[in-house]
Protein chains: 4
Amino acid sequence: MADALKIPAQDEALVKARRRQIFLAVTRVLARKSFHQATVKEMALEAGLAAGSIYMYLRSKDEILLLLADSMVGELVDVLPEIRAAAGDDPRRELLAVMRAALDVIDRYREAFAVLNHEVRYLEQRVEYRAALRESLSPYKSALAGPLERGRALGLMRFDDLPSVVEALHMLCSGLAMGASMLAKTDKETYWREIAAIAEGRFFGAAG
Amino acid sequence: MADALKIPAQDEALVKARRRQIFLAVTRVLARKSFHQATVKEMALEAGLAAGSIYMYLRSKDEILLLLADSMVGELVDVLPEIRAAAGDDPRRELLAVMRAALDVIDRYREAFAVLNHEVRYLEQRVEYRAALRESLSPYKSALAGPLERGRALGLMRFDDLPSVVEALHMLCSGLAMGASMLAKTDKETYWREIAAIAEGRFFGAAG
Amino acid sequence: MADALKIPAQDEALVKARRRQIFLAVTRVLARKSFHQATVKEMALEAGLAAGSIYMYLRSKDEILLLLADSMVGELVDVLPEIRAAAGDDPRRELLAVMRAALDVIDRYREAFAVLNHEVRYLEQRVEYRAALRESLSPYKSALAGPLERGRALGLMRFDDLPSVVEALHMLCSGLAMGASMLAKTDKETYWREIAAIAEGRFFGAAG
Amino acid sequence: MADALKIPAQDEALVKARRRQIFLAVTRVLARKSFHQATVKEMALEAGLAAGSIYMYLRSKDEILLLLADSMVGELVDVLPEIRAAAGDDPRRELLAVMRAALDVIDRYREAFAVLNHEVRYLEQRVEYRAALRESLSPYKSALAGPLERGRALGLMRFDDLPSVVEALHMLCSGLAMGASMLAKTDKETYWREIAAIAEGRFFGAAG
DNA sequence: TATGAATGAGTTTTCATTCAT
DNA sequence: CATGAATGAAAACTCATTCAT
């Protein structure tokens, strides 16, 4: 209802399908080149649309970034209920499960995720996008912040500054996608083992 | 001896000074806009040079990224001897000190660091840059990898996959710069306290 | 059948028309300035296209030279059947008729021809253009070489080195366009009379 | 005396030597690339001068073309007295000897000659250069026109339009340098045999 | 007389976006 | 709804020329 008429109101279902089509196409293109090297035409063609047709579903190239955020966070949100159910009322289990679910999404779209993670910074500065972006991202943020706060309240986690910890945990997960340089083509499970260990405090093991 | 170097044997010192000038200017420009929004002209002018003069010290816009890598890692490298001296033969102390030093550099050039951290991925794919980039980055990588390996050998740290841990710790530090979205304008010390706690295993405190 | 051609399967006819449009415009621009003084924008505008639109039909400025070669040789090729029919099996008549036809084309596009005649040398050195250029030019070359070889076989012409003679006769014709310096604004017929006389051996007349 | 003070009057002999140095250097550079690809800096360095120093001997890049004309025609002029002596009062011998001498110069500086031959057209259009260019070129022109007029007066040569014939004979010689495309790497003597034959009327031999 | 660092105008080329069909 | 030709603004990069030393 909010952005009901952004674009000549069309068949709701078609729009949804096309946007999914475009998201997946963009995801494939970004595996090959950067967001700035990739042209709108290229992404449209990859999605099976004519050069100009992408503008029926998107108002600008930058809006592709919003689409990425929406779609990826959407995939995370889809599994949250299940996670919460399984975690019962153990915030530690829930937090780790959310991180693991995030890692799954990140692994699915590594390069596109890396792009999004970087571009978000500039998108936030543009008034036209700020609100929409915040809204897209907030479920993810909350999914981390929720168990953190509960964990702290229950004395199961120790930290002072929530945003710092949210960011830190997010970065730990993001590493899988960002680590083109530092990280060899490590697979998801290997990476997960290490970051889970760090989060759980098993890294600085022995002495202490 | 006459024409010793292939590249204009120019005044060695002048080149060094100008490159520093450019580095700092780029750093300031990137605080305002993305690498792709920023024009070469803008960066040159910010450095007090005419539009075309930047090409006396850089072969292309992309080489600016190499300059960023060189300069930032350089600043880290400068403090490594001191760190190593202070750490004695305690790998845990050394690792934390390196992370802290990295965080200091990151904090000094937040936005430029974020740009570099992202663009590195594309630079690595370009054969012309790969070697130079690897060389620029390797001291940083080693500074983390060194104490990690020693720590593991001494049973002071527990992990299986070195690259994953290097990347994870790097990401933990990077968070300060990347967290435009997730992280409020948290200051360095606040952020450090949290990631140090995570690394040291104090995060999942209590129970465990 | 759907995506038969690699290059935009664009409307074949449109491409042809636009290329002709561009050829004629370039021809007009080159009457005023050199190839290197003339900007791509200027040529596009002269052709009634927007600055960047010329790149829908040409991959680079240098490809304009290929277009010149194609177009001019094309105009010569168009009249060759007629010439051959009229010449019967007299190689001398055919050779002179081909030279005359070449002179007609040269006269039609004097300056553009002069440009092409010069730039061909550099185009040939560029691997990307070599093959295409050779192919464009070869019908002209053959149109001269054919009657020459037949003439020699019949004892009607005397020469040893075919390429030298082809070049010499080509130069005789080209003179009309190149002679900005040496040649006053001599008209085509006057010039033709003299070079035909030279070729036919009537120049060093009398004695001998 | 004409252009005595064009440039801060210096040691006459030094200027002459430096200009020769530059001429030869330019000649070498043009064997590798076109006049427009070649940079002033490159030519200066090839001449053993610093980038800016070439401007002590030349007022602009275009003046290099004037230098080429001066130098090449100068080399032709040097041998004219000898040619005239040897030719006695046979205009046919003299004409052929001049053409042969021109061919020698052309062969010596093939690429540079080709450049000059083309650029002359644009130089003539620039008022600042017209007079100087005409003056440089005129000895060559006259060397051809002289014997032609005498030959016609004596009934030894047949033609109507002098400029056309001058141009045609010039083109015949120039072919050696221009024939990058049409002419294989034919050597001077081979080419000379053919154009001499054409000029002498031996080409359309037999029948007639 | 010679140098070479600096300049900044000028050029090619790309590409997001529009709109007639 | 969809297309894809056309647009034209923008940007990286080059290089002739100057001038402080």
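So that the names make sense, note that chain A is the first sequence line, chain B the second, and so on, each numbered from 1.
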Quiz item: Between D/F23 and D/Y57, is the ring centre distance below 6.0 Å?
Solution: no
Between [X] and [N], does any side-chain N or O lie under 4.0 Å from OP1 or OP2?
{"X": "D/R59", "N": "F/dT17", "answer": "no"}
{"X": "C/Y57", "N": "F/dA5", "answer": "no"}
{"X": "C/K61", "N": "E/dT12", "answer": "yes"}
{"X": "A/R18", "N": "F/dA2", "answer": "yes"}

Practice problem: Determine the contact category for A/S53: base if any of its heavy atoms lies under 4.0 Å from a base atom, sugar-phosphate if only primed atoms, P, OP1 or OP2 are that close, otherwise nothing. | Solution: base
Practice problem: Name the nucleic acid region contacted by C/A44, choosing base, sugar-phosphate or nothing; use a 4.0 angstrom heavy-atom cut-off, strictly under. | Solution: nothing
Quiz prompt | 5′-ward residue of the pair B/S60/C/I54 relative to DNA chain F | solution = C/I54
Quiz prompt | B/F35 six-ring face occupied by B/K61 cation (under 6.0 Å, within 45°) | solution = yes
Exercise. Output the distance between atom CZ (C/R121) and atom CG (C/L133), rounded to the nearest 0.5 Å.
Key: 12.5 Å
Measure from the side chain of [X], starting at C-beta and using heavy atoms only, and say which of [options] lies closest.
{"X": "B/V40", "options": "E/dT3, F/dA12, E/dA16", "result": "F/dA12"}
{"X": "C/A50", "options": "F/dT7, E/dG4, F/dC1", "result": "F/dT7"}
{"X": "C/Y55", "options": "E/dA6, E/dT13, E/dA16", "result": "E/dT13"}

Self-check item: Whole-Å distance separating the CE atom of D/M56 from the P atom of F/dT21
Solution: 18 Å
Quiz item: Could you state the CD-P distance from D/E42 to F/dA16, rounded to the nearest angstrom?
Solution: 10 Å
